[in-house]
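Below: the structure, in C-alpha coordinates.
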Amino acid sequence: MRYLAAIVLAVAPTMVTADCSSERAILLSALLSSNYTIQDPGTFAEDQGTCRQSDLVLAQDILTIEVASLIWRLEGIEALTIGSGRISLTGDLDGLRITPRTEDAWISYMLAEQNRRNDIDATLFVWWDFPDGRFELASLDIDFPGENRFSYGFRATGVSPQLLTGDTTALKTLMLEHLTLEVENRGFADGLILGAMIGKLSAVPGSPESVIDGTKRDLRALVSNLPGNVFDADTKAALVALITAGPVPWGEVFVQIATQSPIPLAPFLSLGAITPDTLSEAFLGGTVSVIFKEETVEN
(Lines give C-alpha, C1' and ligand atoms only; values in the text may rest on other atoms or scores of the structure.)
Protein backbone atom coordinates (compact mmCIF):
# COMPACT_ATOMS: atom_id res chain seq x y z
CA MET A 1 0.00 0.00 0.00
CA ARG A 2 2.91 2.34 0.73
CA TYR A 3 4.32 2.00 -2.79
CA LEU A 4 0.84 2.23 -4.35
CA ALA A 5 0.41 5.53 -2.51
CA ALA A 6 3.77 6.74 -3.80
CA ILE A 7 2.82 5.91 -7.38
CA VAL A 8 -0.59 7.56 -7.10
CA LEU A 9 0.73 10.74 -5.50
CA ALA A 10 3.61 11.18 -7.91
CA VAL A 11 1.77 10.35 -11.12
CA ALA A 12 -1.58 12.05 -10.58
CA PRO A 13 -0.54 15.74 -10.63
CA THR A 14 1.24 15.54 -13.97
CA MET A 15 -0.37 12.74 -15.95
CA VAL A 16 -3.88 12.01 -17.14
CA THR A 17 -3.00 8.39 -17.83
CA ALA A 18 -0.13 6.53 -16.20
CA ASP A 19 2.54 4.66 -18.17
CA CYS A 20 4.76 1.77 -17.18
CA SER A 21 8.06 3.63 -17.44
CA SER A 22 7.01 6.37 -15.01
CA GLU A 23 5.45 3.84 -12.61
CA ARG A 24 8.66 1.79 -12.64
CA ALA A 25 10.78 4.90 -12.04
CA ILE A 26 8.63 5.89 -9.07
CA LEU A 27 8.72 2.38 -7.61
CA LEU A 28 12.52 2.20 -7.91
CA SER A 29 12.83 5.67 -6.42
CA ALA A 30 10.79 4.55 -3.41
CA LEU A 31 13.02 1.51 -2.99
CA LEU A 32 16.19 3.59 -3.27
CA SER A 33 14.86 5.99 -0.63
CA SER A 34 14.60 2.96 1.66
CA ASN A 35 18.39 2.44 1.36
CA TYR A 36 18.33 -0.23 -1.32
CA THR A 37 20.83 -0.17 -4.16
CA ILE A 38 20.26 -1.69 -7.59
CA GLN A 39 22.80 -4.41 -8.32
CA ASP A 40 21.14 -5.51 -11.57
CA PRO A 41 18.29 -3.56 -13.24
CA GLY A 42 17.18 -6.67 -15.13
CA THR A 43 14.82 -6.23 -18.06
CA PHE A 44 11.67 -4.17 -18.43
CA ALA A 45 8.81 -4.36 -20.93
CA GLU A 46 5.34 -2.90 -21.52
CA ASP A 47 2.47 -4.48 -23.43
CA GLN A 48 -0.63 -2.30 -23.83
CA GLY A 49 -0.56 -1.02 -20.26
CA THR A 50 0.66 -4.22 -18.61
CA CYS A 51 4.12 -3.71 -17.10
CA ARG A 52 6.73 -6.43 -16.57
CA GLN A 53 9.98 -6.20 -14.62
CA SER A 54 12.24 -9.26 -14.71
CA ASP A 55 15.49 -10.28 -13.01
CA LEU A 56 15.81 -7.24 -10.74
CA VAL A 57 18.45 -7.51 -8.00
CA LEU A 58 18.46 -5.12 -5.03
CA ALA A 59 20.81 -4.98 -2.07
CA GLN A 60 21.09 -3.51 1.40
CA ASP A 61 24.00 -3.86 3.82
CA ILE A 62 22.87 -7.28 5.06
CA LEU A 63 20.35 -8.43 2.43
CA THR A 64 20.15 -9.26 -1.25
CA ILE A 65 16.68 -9.25 -2.81
CA GLU A 66 16.11 -10.89 -6.18
CA VAL A 67 12.88 -10.52 -8.17
CA ALA A 68 12.46 -13.03 -10.98
CA SER A 69 9.24 -11.46 -12.29
CA LEU A 70 6.92 -8.61 -11.30
CA ILE A 71 3.89 -7.91 -13.48
CA TRP A 72 1.44 -5.10 -12.72
CA ARG A 73 -1.31 -3.02 -14.26
CA LEU A 74 -2.47 0.33 -12.87
CA GLU A 75 -5.65 1.73 -14.41
CA GLY A 76 -7.88 4.75 -13.88
CA ILE A 77 -5.31 7.06 -12.29
CA GLU A 78 -7.17 10.00 -13.87
CA ALA A 79 -9.90 9.48 -11.26
CA LEU A 80 -7.77 11.46 -8.82
CA THR A 81 -7.81 14.52 -11.02
CA ILE A 82 -11.41 14.39 -12.30
CA GLY A 83 -12.97 13.12 -9.06
CA SER A 84 -14.87 10.18 -10.56
CA GLY A 85 -14.14 6.70 -11.82
CA ARG A 86 -12.16 3.79 -10.43
CA ILE A 87 -8.47 3.22 -9.80
CA SER A 88 -7.41 -0.41 -9.87
CA LEU A 89 -4.10 -2.17 -9.39
CA THR A 90 -3.33 -5.80 -10.11
CA GLY A 91 0.04 -7.35 -9.37
CA ASP A 92 1.70 -10.73 -9.77
CA LEU A 93 5.06 -11.39 -8.13
CA ASP A 94 6.99 -14.58 -8.90
CA GLY A 95 10.32 -15.75 -7.56
CA LEU A 96 11.15 -13.18 -4.88
CA ARG A 97 14.20 -14.39 -2.95
CA ILE A 98 15.63 -12.68 0.16
CA THR A 99 19.17 -13.73 1.12
CA PRO A 100 21.18 -12.51 4.15
CA ARG A 101 24.71 -11.26 3.43
CA THR A 102 27.81 -11.10 5.62
CA GLU A 103 31.36 -9.80 5.20
CA ASP A 104 32.56 -13.39 4.99
CA ALA A 105 32.34 -14.50 1.34
CA TRP A 106 31.98 -18.19 2.21
CA ILE A 107 29.20 -17.58 4.76
CA SER A 108 27.40 -15.43 2.20
CA TYR A 109 27.82 -18.21 -0.36
CA MET A 110 26.38 -20.75 2.09
CA LEU A 111 23.38 -18.52 2.86
CA ALA A 112 22.76 -17.94 -0.84
CA GLU A 113 22.78 -21.69 -1.51
CA GLN A 114 20.45 -22.36 1.43
CA ASN A 115 17.99 -19.81 0.05
CA ARG A 116 18.31 -20.76 -3.62
CA ARG A 117 14.91 -22.47 -3.66
CA ASN A 118 13.19 -20.32 -1.03
CA ASP A 119 11.05 -18.31 -3.43
CA ILE A 120 8.15 -16.06 -2.41
CA ASP A 121 5.20 -15.54 -4.77
CA ALA A 122 2.35 -13.05 -4.35
CA THR A 123 -0.77 -11.74 -6.05
CA LEU A 124 -2.61 -8.47 -5.43
CA PHE A 125 -5.87 -6.94 -6.58
CA VAL A 126 -7.07 -3.62 -5.17
CA TRP A 127 -9.57 -1.02 -6.38
CA TRP A 128 -10.77 2.40 -5.25
CA ASP A 129 -14.00 4.08 -6.42
CA PHE A 130 -14.53 7.84 -6.69
CA PRO A 131 -16.31 9.85 -5.45
CA ASP A 132 -18.00 7.53 -2.92
CA GLY A 133 -14.66 6.49 -1.42
CA ARG A 134 -15.27 2.73 -1.50
CA PHE A 135 -11.96 0.88 -1.28
CA GLU A 136 -11.40 -2.85 -1.50
CA LEU A 137 -8.27 -4.89 -1.11
CA ALA A 138 -9.93 -7.81 -2.84
CA SER A 139 -6.94 -10.05 -2.33
CA LEU A 140 -3.38 -9.95 -1.10
CA ASP A 141 -2.05 -13.50 -1.15
CA ILE A 142 1.59 -14.29 -0.32
CA ASP A 143 2.97 -17.80 -0.70
CA PHE A 144 6.12 -18.20 1.41
CA PRO A 145 8.67 -21.04 1.22
CA GLY A 146 7.36 -24.35 2.54
CA GLU A 147 3.80 -24.63 3.81
CA ASN A 148 3.53 -20.99 4.84
CA ARG A 149 1.05 -18.47 3.52
CA PHE A 150 -0.55 -15.09 4.26
CA SER A 151 -3.87 -13.95 2.79
CA TYR A 152 -5.64 -10.68 3.58
CA GLY A 153 -8.63 -8.77 2.29
CA PHE A 154 -10.87 -5.94 3.41
CA ARG A 155 -13.46 -3.50 2.15
CA ALA A 156 -14.06 0.01 3.48
CA THR A 157 -15.89 3.23 2.62
CA GLY A 158 -15.01 6.84 3.30
CA VAL A 159 -11.48 6.49 1.88
CA SER A 160 -10.46 9.94 0.67
CA PRO A 161 -7.36 11.07 -1.25
CA GLN A 162 -6.28 12.99 1.86
CA LEU A 163 -5.30 9.68 3.45
CA LEU A 164 -2.46 9.36 0.93
CA THR A 165 -1.02 12.66 2.11
CA GLY A 166 -0.88 11.53 5.75
CA ASP A 167 -3.83 13.69 6.83
CA THR A 168 -5.01 11.87 9.97
CA THR A 169 -8.30 13.78 10.07
CA ALA A 170 -9.33 11.74 7.02
CA LEU A 171 -9.45 8.68 9.29
CA LYS A 172 -12.67 9.99 10.82
CA THR A 173 -14.69 9.04 7.74
CA LEU A 174 -13.38 5.47 7.44
CA MET A 175 -16.01 2.72 7.74
CA LEU A 176 -15.13 -0.98 7.70
CA GLU A 177 -17.46 -3.29 5.75
CA HIS A 178 -15.54 -6.56 5.80
CA LEU A 179 -12.17 -8.04 6.78
CA THR A 180 -10.60 -11.48 6.45
CA LEU A 181 -7.15 -12.71 7.41
CA GLU A 182 -5.67 -16.16 6.97
CA VAL A 183 -2.18 -17.18 8.10
CA GLU A 184 -0.44 -20.53 7.75
CA ASN A 185 2.77 -20.84 9.74
CA ARG A 186 4.97 -23.90 9.71
CA GLY A 187 8.26 -22.27 10.61
CA PHE A 188 8.67 -19.30 8.27
CA ALA A 189 7.12 -16.74 10.64
CA ASP A 190 8.91 -18.01 13.76
CA GLY A 191 11.84 -15.62 13.47
CA LEU A 192 9.56 -12.64 12.79
CA ILE A 193 7.35 -13.45 15.79
CA LEU A 194 10.26 -14.08 18.16
CA GLY A 195 12.16 -10.98 17.02
CA ALA A 196 9.19 -8.68 17.65
CA MET A 197 8.35 -10.39 20.93
CA ILE A 198 11.89 -10.23 22.31
CA GLY A 199 12.12 -6.58 21.37
CA LYS A 200 9.06 -5.83 23.52
CA LEU A 201 9.63 -8.20 26.45
CA SER A 202 13.39 -8.39 26.91
CA ALA A 203 13.38 -5.48 29.40
CA VAL A 204 10.79 -7.19 31.66
CA PRO A 205 12.43 -8.64 34.82
CA GLY A 206 12.65 -12.42 35.00
CA SER A 207 13.77 -15.31 32.84
CA PRO A 208 12.46 -15.52 29.27
CA GLU A 209 10.38 -18.57 30.20
CA SER A 210 8.72 -16.90 33.18
CA VAL A 211 8.04 -13.67 31.27
CA ILE A 212 6.47 -15.58 28.38
CA ASP A 213 4.35 -17.69 30.73
CA GLY A 214 3.14 -14.58 32.55
CA THR A 215 2.35 -12.82 29.29
CA LYS A 216 0.33 -15.81 28.08
CA ARG A 217 -1.64 -15.85 31.36
CA ASP A 218 -2.43 -12.15 30.94
CA LEU A 219 -3.54 -12.66 27.36
CA ARG A 220 -5.82 -15.57 28.29
CA ALA A 221 -7.39 -13.42 31.00
CA LEU A 222 -7.92 -10.66 28.44
CA VAL A 223 -9.68 -13.08 26.10
CA SER A 224 -12.02 -14.26 28.88
CA ASN A 225 -13.18 -10.64 29.34
CA LEU A 226 -13.92 -9.98 25.67
CA PRO A 227 -17.60 -9.18 25.04
CA GLY A 228 -19.52 -12.32 24.16
CA ASN A 229 -21.75 -10.54 21.64
CA VAL A 230 -18.64 -9.74 19.56
CA PHE A 231 -16.43 -12.78 20.29
CA ASP A 232 -18.49 -15.95 20.71
CA ALA A 233 -17.43 -18.97 22.79
CA ASP A 234 -15.83 -20.80 19.86
CA THR A 235 -13.79 -17.73 18.94
CA LYS A 236 -12.60 -17.27 22.53
CA ALA A 237 -11.62 -20.94 22.67
CA ALA A 238 -9.67 -20.56 19.43
CA LEU A 239 -7.85 -17.49 20.77
CA VAL A 240 -6.95 -19.31 23.99
CA ALA A 241 -5.63 -22.27 21.96
CA LEU A 242 -3.59 -19.87 19.79
CA ILE A 243 -2.07 -18.20 22.87
CA THR A 244 -1.34 -21.54 24.52
CA ALA A 245 0.45 -22.78 21.39
CA GLY A 246 2.69 -19.68 21.48
CA PRO A 247 5.06 -18.03 21.36
CA VAL A 248 5.44 -19.51 17.86
CA PRO A 249 2.21 -21.37 17.05
CA TRP A 250 2.26 -23.69 14.06
CA GLY A 251 -0.86 -24.32 12.05
CA GLU A 252 -3.55 -22.22 10.41
CA VAL A 253 -5.51 -19.27 11.78
CA PHE A 254 -8.47 -17.62 10.11
CA VAL A 255 -9.95 -14.30 11.26
CA GLN A 256 -13.09 -12.63 9.94
CA ILE A 257 -14.85 -9.43 10.93
CA ALA A 258 -18.46 -9.50 9.74
CA THR A 259 -20.59 -6.38 10.00
CA GLN A 260 -24.34 -5.80 10.03
CA SER A 261 -23.64 -2.28 8.80
CA PRO A 262 -20.32 -0.48 8.20
CA ILE A 263 -18.28 0.03 11.40
CA PRO A 264 -16.64 3.45 11.95
CA LEU A 265 -12.91 2.94 12.51
CA ALA A 266 -12.32 6.25 14.30
CA PRO A 267 -13.46 4.93 17.73
CA PHE A 268 -10.80 2.20 17.60
CA LEU A 269 -8.12 4.89 17.40
CA SER A 270 -9.25 6.46 20.67
CA LEU A 271 -10.64 3.62 22.75
CA GLY A 272 -8.32 4.37 25.66
CA ALA A 273 -8.95 1.76 28.32
CA ILE A 274 -10.56 -1.13 26.45
CA THR A 275 -13.53 -2.66 28.25
CA PRO A 276 -16.21 -5.11 27.09
CA ASP A 277 -18.66 -2.20 26.89
CA THR A 278 -16.39 0.01 24.76
CA LEU A 279 -15.66 -2.87 22.39
CA SER A 280 -19.35 -3.73 22.05
CA GLU A 281 -20.16 -0.11 21.29
CA ALA A 282 -17.33 0.19 18.78
CA PHE A 283 -18.35 -2.92 16.83
CA LEU A 284 -21.99 -1.81 16.44
CA GLY A 285 -23.31 -5.34 16.15
CA GLY A 286 -20.37 -6.66 14.16
CA THR A 287 -18.72 -9.92 15.12
CA VAL A 288 -15.21 -11.35 15.13
CA SER A 289 -14.74 -15.02 14.24
CA VAL A 290 -11.46 -16.86 14.80
CA ILE A 291 -10.61 -20.43 13.84
CA PHE A 292 -7.25 -21.95 14.82
CA LYS A 293 -6.08 -25.36 13.63
CA GLU A 294 -2.91 -26.23 15.49
CA GLU A 295 -0.29 -28.40 13.88
CA THR A 296 1.47 -30.34 16.60
CA VAL A 297 5.06 -31.44 16.16
CA GLU A 298 6.07 -34.72 17.69
CA ASN A 299 9.52 -34.80 19.28
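Counting begins at 1 with the first residue of the sequence.
- Taking the side chain as every heavy atom from C-beta outward, Cys51 and Glu23 approach each other to under 4.5 Å.
- No side-chain heavy atom of Glu136 sits less than 4.5 Å from a side-chain heavy atom of Glu177.
- Although no hydrogens or angles enter the test, the distance criterion places no donor-acceptor pair under 3.5 Å between the side chain of Arg134 and the main chain of Arg155.
- No side-chain heavy atom of Phe231 sits less than 4.5 Å from a side-chain heavy atom of Val223.
- The salt bridge (Lys or Arg N to Asp or Glu O under 4.0 Å) check on Arg117 picks up nothing, with sequence neighbours excluded.
- Annotation: the span from Asp47 atom CG to Arg52 atom CZ amounts to 9.0 Å, rounded to 0.5 Å.
- A search for salt bridge (Lys or Arg N to Asp or Glu O under 4.0 Å) contacts involving Glu66 returns Arg97, not counting sequence neighbours.
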Intermediate values then yes/no, side chain to side chain donor-acceptor pair (under 3.5 Å), Ser280 and Asn229: CA-CA 7 Å; Ser280 294; Asn229 61 326; 3.1 Å; yes
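- Between Arg217 atom CZ and Ile243 atom CD1 the span is 13.0 Å, to the nearest 0.5 Å.
- Side-chain N or O atoms of Ser139 include none that pairs as donor or acceptor with a backbone N or O of Asp141 at under 3.5 Å.
- Checking side-chain atoms of Ser54 against main-chain N and O of Thr43 turns up no donor-acceptor pair under 3.5 Å.
- Salt-bridge annotation for Arg86 and Asp129: present, with a side-chain N of the basic residue lying under 4.0 Å from a carboxylate O of the acidic one.
- Both Leu265 and Phe283 are members of a single hydrophobic cluster when ILVMFWY side chains are connected at heavy-atom separations under 4.5 Å.
- A distance-only check finds a donor-acceptor pair linking the side chain of Ser108 to the backbone of Thr102 [under 3.5 Å].
- In this structure, Ile38 CD1 and Ile65 CD1 are separated by 12.0 Å, a value rounded to the nearest 0.5 Å.
- Here the CD1 atom belonging to Ile257 is positioned 9.5 Å from the OG atom belonging to Ser289, to the nearest 0.5 angstrom.
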Stepwise salt bridge (charged side-chain N to carboxylate O under 4.0 Å, His left out) test for Arg186 and Glu252: CA-CA 9 Å; Arg186 294 175 177 86; Glu252 303 175 15; 3.0 Å; yes
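- Counting only heavy atoms from C-beta outward, the side chains of Leu70 and Leu27 approach each other to under 4.5 Å.
- Glu103 CD: 12 or fewer foreign heavy atoms inside a 6.0 Å radius.
- No more than 12 heavy atoms of other residues, nucleotides or ligands shown are found within 6.0 angstrom of CG on Asp61.
- Around the CD1 atom of Ile82, the shell of radius 6.0 Å holds more than 12 heavy atoms that belong to other residues, nucleotides or ligands.
- Looking at Gln53, its side chain does come within 3.5 Å of a backbone N or O of Pro41 through a donor-acceptor pair.
- To the nearest 0.5 Å, atom CD of residue Gln114 and atom CG of residue Leu111 are 5.5 Å apart.
- Side-chain contact between Ile87 and Phe130: present, with at least one pair of heavy atoms (C-beta onward) separated by less than 4.5 Å.
- Residues Thr215 and Val204 form no side-chain contact, since every pair of their non-hydrogen atoms from C-beta on lies 4.5 Å or further apart.
- Side-chain contact check for Leu140 versus Ser151: every heavy-atom pair is 4.5 Å or farther apart.
- Counting heavy atoms from C-beta outward, Thr235 and Asp232 have side chains that approach closer than 4.5 Å.
- Residues forming a side-chain contact (heavy atoms from CB on, under 4.5 Å) with Asp40 (at least two apart in sequence, or on another chain): Val57.
- The OG atom of Ser21 sits 4.5 Å away from the CZ atom of Phe44 when rounded to the nearest 0.5 Å.
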